[in-house]
Visitor: 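Please find one structure pasted underneath; my questions will follow.
All chains are named by letter (A, B, ...) in the order of the sequence lines, taking the proteins before the strands, and each is independently numbered beginning at 1.
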Protein chains: 4
Amino acid sequence: MRQKSAAGNHHRGSSPRAPGRPRSEQARLAILRSTLKLLGKHGFSDLTIGDVAAHAGVGKATVYRWWPNKASLIADAFAKSTTRALHFPDTGSVYSDMSQQMRQLVKIFRSRRGRIVSAILGGGQSDPDLITAFRERFLLPRRLEAYATLRRGIRRGELRGNIDMDLLLDSLYGPIYMRFLVRHKSLTPEFIDRLCDLVLSGAHPSRKFRRHRSH
Amino acid sequence: MRQKSAAGNHHRGSSPRAPGRPRSEQARLAILRSTLKLLGKHGFSDLTIGDVAAHAGVGKATVYRWWPNKASLIADAFAKSTTRALHFPDTGSVYSDMSQQMRQLVKIFRSRRGRIVSAILGGGQSDPDLITAFRERFLLPRRLEAYATLRRGIRRGELRGNIDMDLLLDSLYGPIYMRFLVRHKSLTPEFIDRLCDLVLSGAHPSRKFRRHRSH
Amino acid sequence: MRQKSAAGNHHRGSSPRAPGRPRSEQARLAILRSTLKLLGKHGFSDLTIGDVAAHAGVGKATVYRWWPNKASLIADAFAKSTTRALHFPDTGSVYSDMSQQMRQLVKIFRSRRGRIVSAILGGGQSDPDLITAFRERFLLPRRLEAYATLRRGIRRGELRGNIDMDLLLDSLYGPIYMRFLVRHKSLTPEFIDRLCDLVLSGAHPSRKFRRHRSH
Amino acid sequence: MRQKSAAGNHHRGSSPRAPGRPRSEQARLAILRSTLKLLGKHGFSDLTIGDVAAHAGVGKATVYRWWPNKASLIADAFAKSTTRALHFPDTGSVYSDMSQQMRQLVKIFRSRRGRIVSAILGGGQSDPDLITAFRERFLLPRRLEAYATLRRGIRRGELRGNIDMDLLLDSLYGPIYMRFLVRHKSLTPEFIDRLCDLVLSGAHPSRKFRRHRSH
DNA sequence: CAATAATCGAGACGGTACGTCACGTCTTCTT
DNA sequence: AAGAAGACGTGACGTACCGTCTCGATTATTG
């Protein structure tokens, strides 16, 4: 069986050249581009493989040859489109580093690309491959950068040394994701600021760790 | 046009009695039960109206007569199934009140009913009715209770008086929803405790409001 | 499983009425009509179910609901279209009875309906259902009439009493089918006359049965 | 355009040698062999060029390079397989000459090779090239031999001098083809004998030509 | 002996039709 | 009037072949 990809590996192994006509890079790019474009216009369920193929000037079978389902197609398209942005600055302040990146994220969530993210997270609730792709290709790379950012803050004494970094990051990003997905409150830059204030102040070394339990 | 309901109103107006055969309550319940059962087994998109009708021993048209689409059917079914639990206790401590309720929520998210929630939130990303139903029937009622709980904490001096309650609640629940939906880290009771510690300590009056901006 | 038909039985048993919406007779007729029309224009392999459905103003699934494949659809359409003609006259002469009916058959074979027959016989070479349908619905009914015609000839002394009727009929019709299918010589009324002369003279009582074997 | 062949000419003109790599005879034979083998297993429409190429261990393009369509491929393969048998004996008796050859034909029709013949005749109903190939490569050569056989019979006084040879031959072979294609009665050697009896007795000089018309 | 040229196997390509499935509507009889 | 049953038109699905193409490799003739 041919290698299909929800994990982004489009290469056929280490051999220098596979026999037969090589895969058309042009078709691959056209498909991913069309996927993003159409996904931005309509939702996940409105996107049909047939439409993507037609818009890309490609046979339907060519799409199915390389992507086992709509989910992995979207995942690939999304991964390709977000490799560049969303890096963390190094301003000398955790608050500033985080809030700046989080503002960027919010800007993306509110843009046309946000539809794609919500399509992935939405579709991922019934398709494990999709949510896995999101984690591995989008979340994890950024989280690794975030760890470095937090470690700088610890070194500078802005954060407790024993802080649970995943807990802290989820406390910072969870509210963003929640507002983005549940849409009960708007996602504004001011919200980001106050969110950072609230959460980072709880992670400040001056704040003694104190169990709030009354019993 | 007959009155259809995404809002749960299944009655036909103010007239005391409509002519003709009355609606079968038995059918209505069987449909909702089957919806929940099938939704628990598979995802949102795998659930078909035809399956629900067949499983409930009901004609397809009977489903369509009362629910305009899959979303409102699921929303009704979900609302029916969670009207009882998830109340906030009044222990005299914000930390305790919140963490106890949050633990209940996590327990539900991790149960079979969690599949239904993720189906709603997932499907809701492409179906506005669905996410609206989730907000209005599930989130809002609980948030109203949460406001009251927080106000008790303010009154007791456990929280700053000028706290933004939605910000605080999103900071507490957002991480739960994020872990639930993205599944990058496990949802444990210990996570809840440390989450409450982190966020509530940031909302404590002793913590002076301090902009972390370095500029 | 629903009853599908390559054998022409479109009724659902002896019960007076099946539950559910009854089959649309209008759709059924439109499908058969369109099949004949399109089959007359193009060949067996050029006929697509999709085209038939579109031409009949019917969903593709409606065709597939009642006919398992193109073959049985064509067989039904053909059977419906030829129930009336091709009866044997009773002129008082076997020669006349047979040649008149055979001329009718040739006329049909040479008409637009001939395309349908060749489509059935051609397709039947790879689809047993199709050739069976042809035998049972077309060939057999006519052969029964032919038996009666031959028996009249025997009674009148125009044919040997011990004649193998199937052998005789195949000797009369086989050449027609062969010319029709192989197309090496034309099918003319004169050919029919001389064919009857040749074969029927061999079946005449005056002709003593004589083994031609030279050993 | 390169020279393609439905007529079996695989040579490239009169030049003694073309430049470039010469055509692989091994590939050509493997393709024809595989065509026959696969055609024997399934029908005309079930045979795909892709299957033939794969079974022959050959690229699909190699097939298309030398045969313009499935029909000519099958025709070539069939022609290659039946060049040797089915000659007419010269026993001194028309009856014997004919019945012996007809028995051979029936034996082939009933063998695995019969599937190939029926595939060609069946497919030929929608593909003119195919039926033409059958006529020219199979039927015609044998018919030329049959004419000679009949002429010997005329010379010996076993047949009328003014007999229409095509009529006579169609009356002898038509029933065979009909039973072979319609499959309503079995093709046995005894059937051949009685068929020859019936038809040849009608062609005997002692049988006066007599119009059977009663009017 | 290098250059040229046509073949080879392999397999991806843009298409087209397939047969299935779910949709949401409808048409029947029964309750 | 609502119920179960199930056929209806619609349209996307994912598959299978079509006949063409683009590769690197092979095998001949020509310069």
Visitor: Would you please confirm or rule out a distance under 4.0 Å between OP1 or OP2 of dA12(E) and any side-chain N or O of S24(A)?
Guide: no

Visitor: Send over the distance from D46(B) CG to dA22(E) P, rounded to a whole Å.
Guide: 10 Å

Visitor: Does dG19(E) have OP1 or OP2 sitting under 4.0 Å from an N or O in the side chain of W67(C)?
Guide: no

Visitor: Atom CG of L73(A) and atom C1' of dG14(F): how far apart are they, to the nearest Å?
Guide: 14 Å

Visitor: For G20(A) and V58(C), find the nucleotide of DNA chain F closest to each by heavy atoms; which residue's nucleotide sits nearer the 5' end?
Guide: V58(C)

Visitor: How many whole angstroms separate atom CZ of R23(B) from atom P of dA2(F)?
Guide: 10 Å

Visitor: Do T35(A) side-chain atoms and I31(A) backbone N/O form a donor-acceptor pair below 3.5 Å?
Guide: yes

Visitor: In whole angstroms, how far is the P atom of dG14(F) from the CG atom of N69(A)?
Guide: 8 Å

Visitor: From CD of Q26(B) over to C1' of dT31(E), roughly how many Å is that when rounded to an integer?
Guide: 13 Å

Visitor: I'd like to know if the side chain of K70(B) and the backbone of L47(B) have a donor-acceptor N/O pair within less than 3.5 Å.
Guide: yes

Visitor: Which is true for A61(B) with a 4.0 Å heavy-atom rule: it touches a base, it touches only sugar-phosphate, or it touches nothing?
Guide: base

Visitor: Considering just the side-chain nitrogens and oxygens of W66(A), establish if one lies under 4.0 Å of OP1 or OP2 belonging to dC13(E).
Guide: yes

Visitor: Looking only at side-chain N and O atoms, does R65(B) come under 4.0 Å of OP1 or OP2 in dG3(F)?
Guide: yes

Visitor: For S34(D), check side-chain hydrogen bond (donor to acceptor under 3.5 Å, both in side chains) against everything at least two apart and list the hits.
Guide: H55(D)

Visitor: Between C1' on dC13(F) and CZ on F44(A), what's the gap in Å once rounded to a whole number?
Guide: 13 Å

Visitor: Using a 3.5 Å cut-off on both pairing distances, which stems of three or more Watson-Crick or G-U pairs include DNA chain E?
Guide: E:1-31 with F:1-31

Visitor: For dG9(F) and T62(C) - does any side-chain N or O of the residue sit under 4.0 Å from the phosphate oxygens OP1/OP2?
Guide: yes

Visitor: Just by distance, with hydrogens left out, do T48(D) and D51(D) show a side-chain donor and acceptor under 3.5 Å apart?
Guide: yes

Visitor: Of the candidate nucleotides dG19(F), dT27(E), dC13(E), which contains the atom at the shortest distance from the side chain of R21(C)?
Guide: dT27(E)

Visitor: Could you pick out which residue, D51(B) or A27(D), lies toward the 5' side of DNA chain E when each is mapped onto its nearest nucleotide?
Guide: A27(D)

Visitor: Go through the N and O atoms of the side chain of K60(D) and the base of dG19(F), and report whether any donor-acceptor pair is under 3.5 Å.
Guide: yes

Visitor: Using whole Å, report how far OH of Y64(C) lies from C1' of dC21(E).
Guide: 13 Å

Visitor: Yes or no on side-chain contact (heavy atoms from CB on, under 4.5 Å) for K41(A) and D46(A), after CA distance, side-chain angles and deciding distance?
Guide: CA-CA 9 Å; K41(A) 276 196 212 163; D46(A) 294 332; over 6 Å; no

Visitor: Taking side-chain contact (heavy atoms from CB on, under 4.5 Å) as the definition, give me every residue that meets it alongside K60(A), ordered by chain and number, with sequence neighbours left out.
Guide: I49(A), A53(A), Y64(A)

Visitor: Can you work out whether I49(A) or G57(C) has the more 5'-proximal nearest nucleotide on DNA chain F?
Guide: G57(C)

Visitor: Do we get R23(D) above W66(D)'s six-membered ring, with its NZ or CZ under 6.0 Å from the centre and within 45° of the axis?
Guide: yes

